[in-house]
Amino acid sequence: MKRLLITGAAGALGRAMRTRLAPLAETLRLSDISDLGTASENEELVQCDLGDADAVHRLVEGCDGIVHLGGISVEDKFSKILNANLLGLFNLYEAARANGHPRILFASSNHTVGFYRQDQHIDATAPMRPDGLYGVSKCFGEALARMYFEKFGQETALVRIGSCMEKPSNHRMLATWMSYDDFRSMIECIFRAPMLGCPIIWGVSNNDSRWWDNSHAAYLGWKPKDNAEHFRAELDATLGKQDPAAPLNVYQGGNFVKDPIFPET
Ligand code: NAI
Ligand code: 15L
């Protein structure tokens, strides 16, 4: 690619992907509402609010791929989710439509299906069961992307990320964890694929514990290599015996199922 846009580049995943994705494009355009630090040689930095349509149109201009990580990433006030995750996503898709439909990776979430139990095994055809307004915003994002695919041929990978971080921090994440390196290799497969379409892809490593079936997306050739199981002994030692009846250990969305609706004031 000539220019790859990464939104949410100041966030946890954005910072982890910034150097890892550099080989994928001549230029990385990095964007966030927060400060992005100093640009290195192959980087362009653009600070803007995803809720600002004009700014997002300028942001997408000249890009031939988008890794969309920007937005509210946990349960929050609806007004904040509305601006970043709903309006922001609409702005991004309209900007993509006006700029030649660059391929998009949408960072969706396991919280689209958070109310499934951990003893249920599901694939991409399972009905959504969001566990909060944040999860609902990701369901909206997936539906919006699908509509732009059906209507305009806009390709998007709908990546339902589990828990993408350095290492799992609780026993639930033995099933939901995705390593940074596996996320990087997934992104590479998504942008290299001759034909993408609009698949749902579960963003998890090659963990022994698994709830989600990615076989429908095998055509992308993504083969995650890491396995959360290596951290089990460390989690047992630090966290001790688990309560099997606690939401963290019952629901796929873990403690997100307990989040309240946050008041606006
Ligand atoms: P994060 O919260 O660390 O990063 C999100 C970034 O988006 C932040 O830097 C924030 O400043 C930016 N942002 C928020 N509102 C904005 C707005 N109105 N305009 C422009 N930028 C805005 O989240 P993280 O962990 O890096 O996740 C990245 C994406 O992946 C998010 O969309 C999140 O929902 C999704 N995801 C992440 C998972 C994980 O395990 N890290 C799991 C599932 C989904
Ligand atoms: C998410 O969607 C969140 O963005 C992230 O912070 C993690 O909590 C992750 O899900 C998870 O379920 O572990």
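Reckoned from all heavy atoms, side chains included, excluding hydrogens, waters and symmetry mates. Whatever order the structure lists ligands and atoms in, that order sets their numbers, starting from 1.
Ring planes of Phe231 and Trp177: perpendicular class, angle over 60° (limits at 30 and 60°). Using a 30° and 60° split on the angle between ring planes, Trp212 and Trp202 fall in the parallel class, below 30°. Ring geometry, His68 versus Phe106: the interplanar angle falls under 30°, so the pair is classed parallel (tilted spans 30 to 60°).
Counting heavy atoms only, Leu13 comes closest to atom 27 (O) of ligand 1 of the residues Val74, Val67, Leu13. Of the options Ala84, Cys48, Ser163, Ala55, the smallest heavy-atom separation from atom 20 (C) of ligand 1 is shown by Cys48. For atom 39 (C) of ligand 1, the nearest non-hydrogen atom from the set Gly11, Ala9, Cys164 comes from Cys164. Between the choices Asp32, Leu89, Asn85, the shortest heavy-atom distance to atom 12 (C) of ligand 1 belongs to Asp32.
For the pair Ser31 and Cys48, the tightest heavy-atom approach, listed with the atom from each and the gap, is OG-SG, 3.8 Å. The two atoms that bring Ala96 and Gln154 nearest to each other are CB-OE1, 3.5 Å, heavy atoms only. Here the shortest heavy-atom pairing between Pro168 and Met173 reads CB-CB, 3.6 Å.
Partner of Arg210 under the side chain to side chain donor-acceptor pair (under 3.5 Å) criterion, out of Asn206, Asn214, Asp213: Asn206 alone.
Between the side chains of Ser209 and Asn207, no donor N or O sits under 3.5 Å from an acceptor N or O.
Heavy-atom contacts of Asp49 reach the following atoms of ligand 1: 17 (C), 18 (N), 19 (N) (cutoff under 4.0 Å). Taking every non-hydrogen atom of Ser108 and a distance limit under 4.0 Å, the qualifying atoms of ligand 1 come out as 43 (C), 44 (C).
Ion pairing between a basic and an acidic side chain is recognised when a charged N comes within 4.0 Å of a carboxylate O; Glu142 and Arg146 show no such pairing.
Within the structure, the closest approach of Ala10 to ligand 1 falls below 4.0 Å when heavy atoms are considered.
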Stepwise, does the side chain to side chain donor-acceptor pair (under 3.5 Å) test hold for Asp236 with His171? CA-CA 8 Å; Asp236 285 347; His171 287 79; 2.7 Å; yes
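Protein heavy atom in closest approach to atom 30 (O) of ligand 1: Ala107 CB, 3.4 Å. For atom 7 (O) of ligand 1, the closest non-hydrogen atom on the protein side is Gly71 N, 3.1 Å.
Listed by chain and number, Ser73, Ser109, Asn110, His111, Tyr134, Gly162, Ser163, Arg172, Met173, Phe256 each place a non-hydrogen atom less than 4.0 angstrom from ligand 2.
Contact annotation for Met178 and ligand 1: no heavy atom of the residue comes within less than 4.0 Å of the ligand.
Between Leu50 and ligand 1, at least one pair of N/O atoms sits closer than 3.5 Å.
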